[in-house]
Participant: 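Could you have a look at this structure, given as structure tokens, before my questions?
Start at 1 and go down the list; that is how both ligands and their atoms are numbered.
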Amino acid sequence: MNTDSNCKIACQLSLVRSTLPENVTLVAVSKTHPVAALRAAYEAGQRIFGESRPQELAEKANVLPKDIEWHMIGHLQTNKIKLIVPFVALIHSVDSAHLAEAIQREAAKCGRTIDILLEIRVAAEDTKTGWDFTELMQYVRSAPFARMENVRVRGVMGIATHTTDAEAIRRDFTELKRCYDLLRPYFGARFDILSMGMSHDYGYATECGATMVRIGSLIFGERNYTRKED
Ligand SMILES: *Cc1c(COP(=O)(O)O)cnc(C)c1O
């Protein structure tokens, strides 16, 4: 990676930051991008990075500075949890009881408490992952979270329908905010993260109450998916 592209990342990062309300946390989504790109963002002051593949996340964490907060934002298979559980700061993509309970088991083995978000499905496409909100409420009411001593539920994550229709995007983000407000009483004061909004729609997300946005291509440029899914 040459100086030009480092400069570009720093510029894009400061551009994105300048558009975010003060209380909104930026997760720089660095999946598929090389370590040098993350280093450029780090040197420009970024400390929170989001990755979607456990193996890639672990490899990058291994070679980059230790004060980085690593967020897992992609679909997580239970057999990959142990790759990230020793150091991950937040898992955004918890979309089933099975996964939450598996995180609990691995976290207990490490003697850590892991912060998680509940990923809720609101998008029109049925390819999008996440809890059905009605099922999630049933699970939350059955109180197994209360027994998970090593898992702390910090909030909600979601992805809006991929469309240019602003009304449809706002509808999805408004629904996520509604779910967040309904869940909040069950989890108390540390339940304070509403993670929604990506490069193309984060402006709507912050209007609708996002406290955290996940932005990749706007900072690092387009991704090319040559890397095998792990
Ligand atoms: C890749 C990804 C993002 C970032 O997407 P961009 O369009 O590059 O900003 C955000 N959230 C999730 C869950 C992702 O997988």
Participant: Within the structure, is a non-hydrogen atom of Ile73 found at a distance of less than 4.0 Å from ligand 1?
Facilitator: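 It does, in that a heavy atom of Ile73 comes within the 4.0 Å cut-off of ligand 1.
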
Participant: When you measure from atom 5 (O) of ligand 1 to each heavy atom in Met198, Glu119, His92, which option holds the nearest one?
Facilitator: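 Heavy atom nearest to atom 5 (O) of ligand 1 belongs to Met198.
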
Participant: Can a non-hydrogen atom of Arg223 be found less than 4.0 Å from any atom of ligand 1?
Facilitator: yes

Participant: Without hydrogens or angle criteria, can the side chains of Ser195 and His92 be said to hold a donor-acceptor pair below 3.5 Å?
Facilitator: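 There is such a pair (donor and acceptor under 3.5 Å, judged by atom type) between the side chains of Ser195 and His92.
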
Participant: Would you say the side chains of Thr19 and Tyr202 form a donor-acceptor pair under 3.5 Å?
Facilitator: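 Side chains of Thr19 and Tyr202: pair found under 3.5 Å.
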
Participant: Given that the side chain starts at C-beta and the backbone is N, CA, C, O, which of these parts of Lys31 lies under 4.0 Å from ligand 1, counting heavy atoms, or is it both or neither?
Facilitator: side chain

Participant: Is Arg214 in polar range of ligand 1, meaning some N or O pair under 3.5 Å apart?
Facilitator: yes

Participant: Taking 4.0 Å as the limit for heavy-atom contacts, which would you say applies to Ser217 with ligand 1: side chain only, backbone only, both, or neither?
Facilitator: both

Participant: Between Glu69 and His71, do the side chains contain a donor N or O and an acceptor N or O under 3.5 Å apart?
Facilitator: yes

Participant: Please indicate whether any nitrogen or oxygen in Ser199 is less than 3.5 Å from any nitrogen or oxygen in ligand 1.
Facilitator: yes

Participant: Using a strict 4.0 Å cut-off to heavy atoms of Gly216, name the atoms of ligand 1 that fall inside it.
Facilitator: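 So the atoms of ligand 1 that pass are 4 (C), 6 (P), 8 (O), 9 (O).
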
Participant: Can you name the one residue among Val27, Leu26, Leu13 that meets side chain to side chain contact (heavy atoms under 4.5 Å, CB included) with Ile215?
Facilitator: Leu26

Participant: Among Thr164, Thr161, Asp172, Ile169, which residue satisfies the side chain to side chain contact (heavy atoms under 4.5 Å, CB included) criterion with Asp201?
Facilitator: Ile169

Participant: Are any of the N/O atoms on Ile159, whether in the backbone or the side chain, positioned under 3.5 angstrom from an N/O atom of ligand 1?
Facilitator: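 The answer is no, given that Ile159 and ligand 1 share no N or O pair closer than 3.5 Å.
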
Participant: Is there a ring-ring contact (aromatic ring centres under 6.0 Å, His included) between Phe49 and Tyr42 once you walk through the steps?
Facilitator: CA-CA 9 Å; Phe49 291 88; Tyr42 181 89; 7.3 Å; no

Participant: To the nearest 0.5 Å, what is the distance between CD1 (Ile159) and CD (Glu119)?
Facilitator: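 Separation between the atoms: 5.0 Å.
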
Participant: Mark up the atoms of ligand 1 that fall under 4.0 Å of a heavy atom belonging to Ile215, in ascending order.
Facilitator: 9 (O)

